[in-house]
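Here the structure comes first, spelled out in structure tokens, and everything after it is commentary.
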Amino acid sequence: MVSWLIWGYAAVVGACVGSFLNVCIHRLPEGESVVRPRSRCPECGAQIGWRDNVPVISYLLLRGRCRGCGIRIPAQYPVVELVTALVWVAAAVRYGWAWQALTVAVFFTLLLGIALTDAKSYLIPDEFSLGGLALGLLLSPLPGGLTLLQSVTGAMTGFGILFLTALLGEWWLGEPAMGGGDIKMMAMVGAFLGPVGAVLTIFMGALVGTLVFLPLSLRTERLVPFGIFLALGAAATEAWGDLLVAWYRTNFLGV
Ligand SMILES: [Zn+2]
């Protein structure tokens, strides 16, 4: 019974966070404030009242259309709210009523924001990377997760590896090989996952990125939104990193 209450609470908080995440995804790449002005319909300019701004539910009640002019509301809005709610519920299911559930939910929300802005605009806003770095460092001393020292060394590891890779890549290719956003993002990821997690994230991100995107980008000559693969790698590391490290130690190190 108590579990159900916690999960329901996580769903409501997560949906509201997802609603704010939508605003961030839209406005941060344009350099706009996420606080003001209040949301308006891009078509008719009508301000969106609170009852039309309830996550997921308003979209369903309005049947996906603006109350003023009837234009379609992009499905991205309820989908992001729903996915964020699911992420927060998953964290609550895994960790229960614990600080670590909050830390993990915040981390996954940041990763979702980064993946979506990188996919849409090929950039990672500093609010997600550097703001997230500050959040990761702040949340680390809470019980259950990393220590502050692990968080700091993790941030330095993530930043350092990508910074060196970028330097080497630029020297090798003669042009910038990696965006500054990816480097700042990995400082944030390291602050949440620690040094081992940062290394695992980069390894998995590079692996998936190479396997999936290289063939695609060779054909279409599009930029590689590497942040998406780093976000996937980071999420996988948070979910299965301990298992992977244990498996590696028993199979390859024999300890
Ligand atoms: Zn409208």
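Along the sequence shown, the residues carry numbers beginning at 1. Counting starts at 1 for both ligands and their atoms, in listed order.
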Which pair of heavy atoms, one from [X] and one from [Y], lies closest together, and at what distance?
| X | Y | answer |
| --- | --- | --- |
| I202 | G158 | CD1-O, 4.3 Å |
| F128 | L110 | O-CD2, 3.8 Å |
| F226 | G205 | CE1-O, 3.8 Å |

For the Zn ion (ligand 1), how many protein N, O or S atoms come closer than 2.8 Å?
->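 If we list every protein N, O or S atom nearer than 2.8 Å to the Zn ion (ligand 1), we get 4.
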Contacts of L168 that satisfy side-chain contact (heavy atoms from CB on, under 4.5 Å) - sequence neighbours left out =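 For L168, the residues satisfying side-chain contact (heavy atoms from CB on, under 4.5 Å) (neighbours in sequence not counted) are W171.
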So do the side chains of C44 and C66 get within less than 4.5 Å of each other, counting heavy atoms only?
->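 Of all side-chain heavy-atom pairs linking C66 with C44, at least one is under 4.5 Å.
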Got more than 12 heavy atoms from elsewhere within 6.0 Å of OH, Y95?
->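 Enclosed.
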